[in-house]
K.L.:
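There's a structure below that I have some questions on.
These values consider heavy atoms only, across backbone and side chains, with no hydrogens, waters or symmetry-generated copies. So that the names make sense, note that chain A is the first sequence line, chain B the second, and so on, each numbered from 1.
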Amino acid sequence: MNLRLLQQTARAAREIVRRLAQTVPVLLVVAVVTFALLHLLPGDPAVMIAGDQASPEVIARIRADLGLDRPLLEQLLHWLAALLQGDFGRSLLLNQTVLSAVAERLPITGSLAMLSLVITLPVGIVLGTLAAYYRGTWLDSGVMGVALLGVSIPSFWIGIVSILLFGAVLHWLPTGGYVPIAQGVRPWLACLIQPAVVLALFQIGFLARLTRSAMLDTLHQDYIRTARAKGLGEWLTVARHAFRNTLIPVMTAIGIILSLLIGGSVIVEQVFALPGMGRLVVQAIMARDYPLVQGTMLLFGLAFVLINLAIDALYVLVDPRVRYG
Amino acid sequence: MADARPRPPRLATLRRLARHNSFRFGFVVVVLLAAAAIAAPWITAELPTAMHLRLRFRPPSATSWFGTDLFGRDVLARVLYGGRLSLWIGFATAAISSILGAFIGVISAQYRRFDAVLMRIMDGLMAFPAILLAIGVSAALGPQTGSVIAALSIAYVPRTARVVRASALVIRELEFVDAARVAGATDLRLMLRHILPNCMGPLLVQFSFTFAYAILAESALSFIGVGPPPPAPSWGNIIAEGRDYTIEAWWIMLFPGIAISLAALGMNLLGDGLRDLLDPRLKVDS
């Protein structure tokens, strides 16, 4: 291992520690927001559990069991204390702990997001680079037109149209539902490819637009002129000099893309009847299953914070010019 | 002493905007959609909530251009009147998140003490996917148009606040701000007359993108079931109501879907044009 890499790694490590310290207040805000949201929700969870017919005594007992009769601040502190011990609570309706409900559904959302990301990254980056390089030509207008459509058409609408076309009319793909990968890669892929592409369209549009402007920025830099002036081939100039420097702003955008993916999967899972995290959290919100909403929302927030932390660390490692603070 | 305010946009800037292809196209699309929504009563004699149970699921024809829905309501009338609600939600969300975002952004650029607290809160809000936060808030506040606007505004304020803060941090270091400070301008005057007006470019760009996102998000919220409540039509809830009949009556969800896409496309193009001309960091594109 050479010295420079070692120094950079040490710098990245220091940076991670600093950032970790910064994420603590953010996570606290995330927790308080989820908590506040739940206590704004109309409807009494105790009534939901006991049913409409239950006597006031039964409801009062359930309220006491759940701690709902305590002052709000005490409930919040109690919940935070439990969280610190890794206790996310029990779902009111599913008869399982929040963590096990999440663990069941996480692989589905995870594979959907990964597949979608794998489609988005190469397509978005290549389209954006092509548009920038052939700037002002019909290719540029065409690619940017498609990218613009991607960020302008509602994804659930494309999803419904796509189910109609490939599922109901052509019978090429299932109209919804999920098959675990354990039952075969082909059926698994058949279930996921449609939602993954629908989900990717928005991200591809976003990424292509971003890559194009980053690439245009780079192509105007002095070192590109220098590379060309010294007689470096066009391919090498673009691939070795321009493209690699374009990747830095693109990498920062991966955090945003992942956040868009997670948000988009909430909707896409509804359209394609995929029993993932997004469906879980929407079900929980609709059913006022407050421990489940609190737990899943918090995990969504946590995932986002950790992803961005990882990207920041990677950023320091890749670009030696970056220095925070 | 003379103010160091930026000059109001002169004719030259407006002329450059008018020549910018994507801005021009976006502007025309948005104006046409808004005009159609406002002029709805003059375009169709049908009311969006008038039911004709004998005329259910009629396909598009010469008498009803966009067909009729499950209750025999005229889809053209619903899309036109629905545009009023959807465009209003988009506009109100963009306006509220711009005003709050400008306020938070300028304050946190000016006062370091507030900065740490405000930005951690913004980070915390941004940690949730915007649509998830909007679903949660909208469900919490109940089925009203106001809840949808509030939910979307909360979801988009942090992004605007970050954009404004970033510009304000650059501007407050410029010489004319120092000059104004030396001349005895109060903090309030500095923020309102010197820093904020110079953040207008990025703020306006953010406004048009938020408008586009909000229109898309409204339809997603309706699809989930926490959008503006029926029977008053919005583009989102027309699709939500028509999605069970996509095979027999494709026209119910086709036309509002096109309307949403056109509106979002128009606002995105408008934002692209504004960014090219107003945002000095991205001048390459013009």
K.L.:
With sequence neighbours left out, which residue pairs that include part of residues 217-229 of chain B fulfil the salt bridge (Lys or Arg N to Asp or Glu O under 4.0 Å) condition?
P.N.:
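Residue pairs passing salt bridge (Lys or Arg N to Asp or Glu O under 4.0 Å), neighbours aside: none found.
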K.L.:
Checking heavy atoms, do the side chain of A:Phe156, its backbone, both or neither come under 4.5 Å from chain B?
P.N.:
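The answer is the side chain of A:Phe156.
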K.L.:
For B:Phe25, is it the side chain, the backbone, both or neither that has a heavy atom under 4.5 Å from a heavy atom of chain A?
P.N.:
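Interface part for B:Phe25: neither.
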K.L.:
Among B:Ile131, B:Leu269, B:Leu132, B:Ile215, who wins on heavy-atom pairs under 4.5 Å with chain A?
P.N.:
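Of the candidates given, the most pairs with chain A belong to B:Leu132.
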K.L.:
Write out, in numerical order, the residues from residues 79-93 of chain B with a heavy atom short of 4.5 Å from a heavy atom in chain A.
P.N.:
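Under the 4.5 Å heavy-atom cut-off, nothing qualifies.
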K.L.:
Side chain, backbone, both or neither: which part of B:Ala212 has a non-hydrogen atom closer than 4.5 Å to chain A?
P.N.:
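Contact with chain A: none, neither part.
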K.L.:
So which part of A:Ile160 gets closer than 4.5 Å to some heavy atom of chain B, the side chain, the backbone, both or neither?
P.N.:
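For A:Ile160, the side chain is the part near chain B, not the backbone.
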K.L.:
Which residue pairs pass the side-chain hydrogen bond (donor to acceptor under 3.5 Å, both in side chains) test when at least one of the two sits in residues 256-270 of chain B, sequence neighbours left out?
P.N.:
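As it turns out, the side-chain hydrogen bond (donor to acceptor under 3.5 Å, both in side chains) pairs with a partner in residues 256-270 of chain B, which skip direct neighbours, are A:Ser152-B:Asn268.
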K.L.:
Quick one: what part of A:Val151 sits under 4.5 Å from any heavy atom of chain B, side chain, backbone, both or neither?
P.N.:
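Both the backbone and the side chain of A:Val151 come within 4.5 Å of chain B.
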K.L.:
Under 4.5 Å heavy-atom distance to chain B, tell me which part of A:Leu164 shows up: side chain, backbone, both or neither.
P.N.:
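A:Leu164 touches chain B through side-chain heavy atoms alone.
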K.L.:
With a 4.5 angstrom heavy-atom cut-off, which part of B:Leu254 approaches chain A: side chain, backbone, both or neither?
P.N.:
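When you check distances to chain A, atoms from both the backbone and side chain of B:Leu254 fall under 4.5 Å.
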K.L.:
Within residues 113-121 of chain B, which residues come under 4.5 Å of chain A, heavy atom to heavy atom?
P.N.:
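At a heavy-atom separation under 4.5 Å, chain A is reached by B:Arg120, B:Ile121.
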K.L.:
Please flag which part of B:Ile224 lies under 4.5 Å from any non-hydrogen atom of chain A: side chain, backbone, both or neither.
P.N.:
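For B:Ile224, heavy atoms of backbone and side chain both lie under 4.5 Å from chain A.
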K.L.:
At a heavy-atom separation under 4.5 Å, does A:Val305 approach chain B through its side chain, its backbone, both, or neither?
P.N.:
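Contact with chain B is through the side chain of A:Val305 alone.
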K.L.:
If you compare all heavy atoms of A:Ile285 against all heavy atoms of B:Ala139, which two are closest, and at what distance to 0.1 Å?
P.N.:
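Between these two residues, the closest heavy atoms are CG2-CB, 3.5 Å.
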